[in-house]
Student: 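Before we start, here is the structure in question, set down as structure tokens.
In what follows, chains are A, B, ... by sequence order, proteins preceding strands, each numbered from 1. Source: prediction; values computed, not measured.
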Amino acid sequence: MTILAGTVEPRLLRGLRDYFAADMHARQWIIDTIRGVYERYGYVPLGTPALEYLDILRGTAGEESEKQLFEVKGPDEERLGLRFDQTVPLARVVAQYPDLPRPFRRYQVSPAWRCDNPYEKRGRFREFIQFDIDAVGVESAVADVEMITAMCDTMQALNVGRFRVRVSSRRVLNLLLTYAGIAHDRAHDVFRVLDKLDKLGHEKVRLELTIGYKDESGSPIPGLGFSSAQVDRIDQFLALRAASREEALAQVRDLFKEVEGAAAEIELLARMSQQLHTLGYGDDVVAYDLTIARGLDYYTGTVFETLLLDLPDFGSVCGGGRYDDLVMRFLGERVPAVGTSVGVDRLLVALEQLGRLPSRKCTAQVLVTVFDDVPIDEYLAMAYELRRAGVPTEFYLGTERRFGKQVRYGDHYGVPVLVVCGADERARGEVQLKDMSVGRKRTAQVADRSQWKSERPGQFNVPRAELVAAIQKLLAEIAAGG
RNA sequence: GCCGGUGUAGCUCAGUUGGAUAGAGCGCUUGACUGUGGAUCAAGAGGUCCCCGGUUCGACCCCGGGCGCCGGCACCA
């Protein structure tokens, strides 16, 4: 692009994007659909500011994540940051307003910011909308079940196709550490490597747990230095394959039969699975995959994530878990909580790739076109009659007087119906309606221009006095006929 | 942060062992058609060949440095 001297080059920050009409309509549809599900579960909305004090955001989710904070300087030099999720602000709110009756169950949809490496093909951006539900002050695992079913219901409502919610438990993974004789303060390191199982496979995970290896580019991946006896025990766990939740639990129950406290943890998951079955959430939509840890440091119990089976490499489109100690940071008191988060912009990219989004570029149902030989006030009258009757109507405001250009304009934005009234129609006290979809279908078949012009597909005249009624009838037909 | 690739028109890309005025397709604009979307035909606009420095009679091309973008890895709330 040529940049003129004295002008500023229009450009976008890395990892951010502009959303035009089709994307905005699709995104709004996703948000409305999720909200519908969440409100059926009785969650109430909460809004919090994009900015928080830096010390609120810091140290909640691991040291590494601090690099991902967008920092902001306040007017009095306060150190601020843009929120990177909605869970930490929620913990702040719960701690700040102790009178809130518990359980506090809220939903929140808003943007968050993370300064990590963007990967737009898989829907990873530096600014993105998340849609969360959380239940704070809840000990019962019924809340965990509710999160999982809400995810399933959300995926179904969004028409994502085949999906699977994978459920795991940090407490079971802690049992694994005990079983393998690994100190629990190494949990973060071990879980990080286990989470890569899907991507790297068994062999590399084993190497990374022990001596490390060199990846394809030759970069050294340091090993964690565990003994082969320890890693053998982890391997036993990783090798488990089950066709159902019950089978997965049976295998772990057997493997951990000597581990103290294992029976109780596994019983908890068994109870959840039973409830899920009773409610109609079978092994096809909810699977227990106990190797999943998820990256967040603040998770303490159940964790889960959702994959789209038609986009196996896309990554998870929503995830969450239990974080019983997060509020403690602000309140000094343990407040158990569980929540889950849908990545709205990720889903937008995924559904786009799957071709599961309707594309809508306009809001108008009708475009009133104009000719020079008819007084403009007559066109205005038509447009306002339609608007007052509740029909979304665009009045052609451009300078292009030639009719062909106006049709092209309407075609470009996908307006379904044009109102046409030149001197001929006016003289007869009529207006012409043009159903754009008819011409769009004809266009593939017509080769000759004069035929194309004379055919005027999808056009018919109605008395001027019946404009509104005729439009409403035509729009109803189009809506019914598809 | 590390490794690799790449940077030429709005987009996708060709090009020159270093030589005069840098090309194609698509898109865009205009006309054929002052009242009809598509197709066709014709014409037109659009370039700091990423930036800075060096070598050279001469650099879009070669050399050095920088930056951007794309992959992979690391990291990931």
Student: Does atom CZ of A/F460 have more than 12 heavy-atom neighbours from other groups under 6.0 Å away?
Tutor: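 Yes, because the 6.0 Å sphere around CZ of A/F460 holds more than 12 heavy atoms from other groups.
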
Student: Using only heavy-atom distances, decide whether a donor-acceptor pair under 3.5 angstrom links the side-chain of A/Q406 to the base of B/U36.
Tutor: no

Student: Between B/G7 and B/G44, how far apart are the two C1' atoms, rounded to whole Å?
Tutor: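 Going atom to atom, C1' in each nucleotide, I get 29 Å.
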
Student: Base of B/C76, side chain of A/R124 - is there a donor-acceptor contact under 3.5 Å?
Tutor: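 In this structure, the two groups form a donor-acceptor pair.
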
Student: Report yes if at least one side-chain N or O of A/K405 is closer than 4.0 Å to OP1 or OP2 of B/U30; otherwise report no.
Tutor: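 Indeed, a polar side-chain atom of A/K405 lies that close.
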
Student: Considering every strand shown, what is the Watson-Crick or G-U wobble mate of B/U48 when both distances are under 3.5 Å?
Tutor: none

Student: For A/K405, enumerate each residue passing the side chain to side chain donor-acceptor pair (under 3.5 Å) test, keeping only those at least two apart in sequence or located in another chain.
Tutor: none

Student: Under 4.0 Å: is that the gap between some side-chain N or O of A/K196 and OP1 or OP2 of B/C76?
Tutor: no

Student: Looking only at side-chain atoms of A/R408, point me to the closest of B/U34, B/G1, B/G38.
Tutor: B/G38

Student: By the 4.0 Å heavy-atom rule, please label A/Y409 as base, sugar-phosphate, or nothing.
Tutor: nothing

Student: Could you check whether A/A423 gets within reach of a base, just the sugar-phosphate, or nothing at all, counting any heavy atom under 4.0 Å?
Tutor: base

Student: Can you see if the side chain of A/R122 gets near the phosphate of B/C70 - specifically, an N or O under 4.0 Å from OP1 or OP2?
Tutor: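 So the side-chain polar atoms of A/R122 never come under 4.0 Å of the phosphate oxygens OP1 or OP2 of B/C70.
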
Student: Does any non-hydrogen side-chain atom of A/L367 lie less than 4.5 Å from one of A/F395?
Tutor: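 The answer is no, as the side chains (C-beta and beyond) never meet within the 4.5 Å cut-off.
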
Student: For A/Y413, I'd like to know if atom OH has over 12 heavy atoms of other residues, nucleotides or ligands within 6.0 Å.
Tutor: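 Open.
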
Student: Roughly how many Å apart are B/C60 and B/A9, using the P atom of each and rounding to a whole number?
Tutor: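 Pairwise P distance, B/A9 against B/C60, rounds to 15 Å.
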
Student: Name the nucleic acid region contacted by A/G422, choosing base, sugar-phosphate or nothing; use a 4.0 angstrom heavy-atom cut-off, strictly under.
Tutor: base

Student: If you count heavy atoms of other groups shown closer than 6.0 angstrom to CE of A/M24, is the number above 12?
Tutor: no

Student: What I want to find out is whether A/R186 reaches A/D189 closely enough, with some N-O distance under 4.0 Å, to be called a salt bridge.
Tutor: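 Yes, A/R186 and A/D189 are salt-bridged.
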
Student: Taking only N and O in the side chain of A/Y119, is any of them less than 4.0 Å away from OP1 or OP2 of B/G72?
Tutor: yes

Student: It should be established whether A/R126 places a side-chain nitrogen or oxygen under 4.0 Å from OP1 or OP2 of nucleotide B/C76.
Tutor: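 Looking at the OP1 and OP2 atoms of B/C76, neither is under 4.0 Å from any side-chain N or O of A/R126.
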
Student: Applying a 3.5 Å limit to both distances, which nucleotide forms a Watson-Crick or G-U wobble pair with B/A20?
Tutor: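 Pairing partner: none.
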
Student: How is A/Q432 classified with respect to the nucleic acid when contacts are heavy atoms under 4.0 Å: base, sugar-phosphate, or nothing?
Tutor: base

Student: Counting only side-chain nitrogens and oxygens, does A/R401 get under 4.0 Å of the OP1 or OP2 atom of B/U34?
Tutor: no

Student: Partners of A/E385 by side chain to side chain donor-acceptor pair (under 3.5 Å), sequence neighbours excluded?
Tutor: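 If we apply the side chain to side chain donor-acceptor pair (under 3.5 Å) test to A/E385, skipping adjacent residues, the hits are A/R464.
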
Student: Evaluate salt bridge (Lys or Arg N to Asp or Glu O under 4.0 Å) for A/E52 paired with A/R83, printing each intermediate quantity in order.
Tutor: CA-CA 7 Å; A/E52 296 276 357; A/R83 66 165 164 248; over 6 Å; no

Student: Who does B/A42 pair with, Watson-Crick or G-U, both distances under 3.5 Å?
Tutor: B/U30

Student: Counting heavy atoms from C-beta on, name the nucleotide in B/C76, B/U36, B/G35 closest to the side chain of A/K434.
Tutor: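 The nucleotide sitting nearest to the side chain is B/U36.
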
Student: For nucleotides 66-68 of chain B, which of its nitrogen or oxygen atoms have a protein nitrogen or oxygen under 3.5 Å away, and what is each distance?
Tutor:
none

Student: Measuring only the P atom in each nucleotide, how far is B/C26 from B/A42? A whole number of Å is fine.
Tutor: 12 Å

Student: What is the distance, to the nearest angstrom, from the CE atom on A/M436 to the P atom on B/G38?
Tutor: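 Between P of B/G38 and CE of A/M436: 10 Å.
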
Student: Across the strands shown, which category fits A/R456 at heavy-atom distances under 4.0 angstrom: base, sugar-phosphate, nothing?
Tutor: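 Base: the residue A/R456, judged by heavy atoms under 4.0 Å, touches a nucleobase.
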
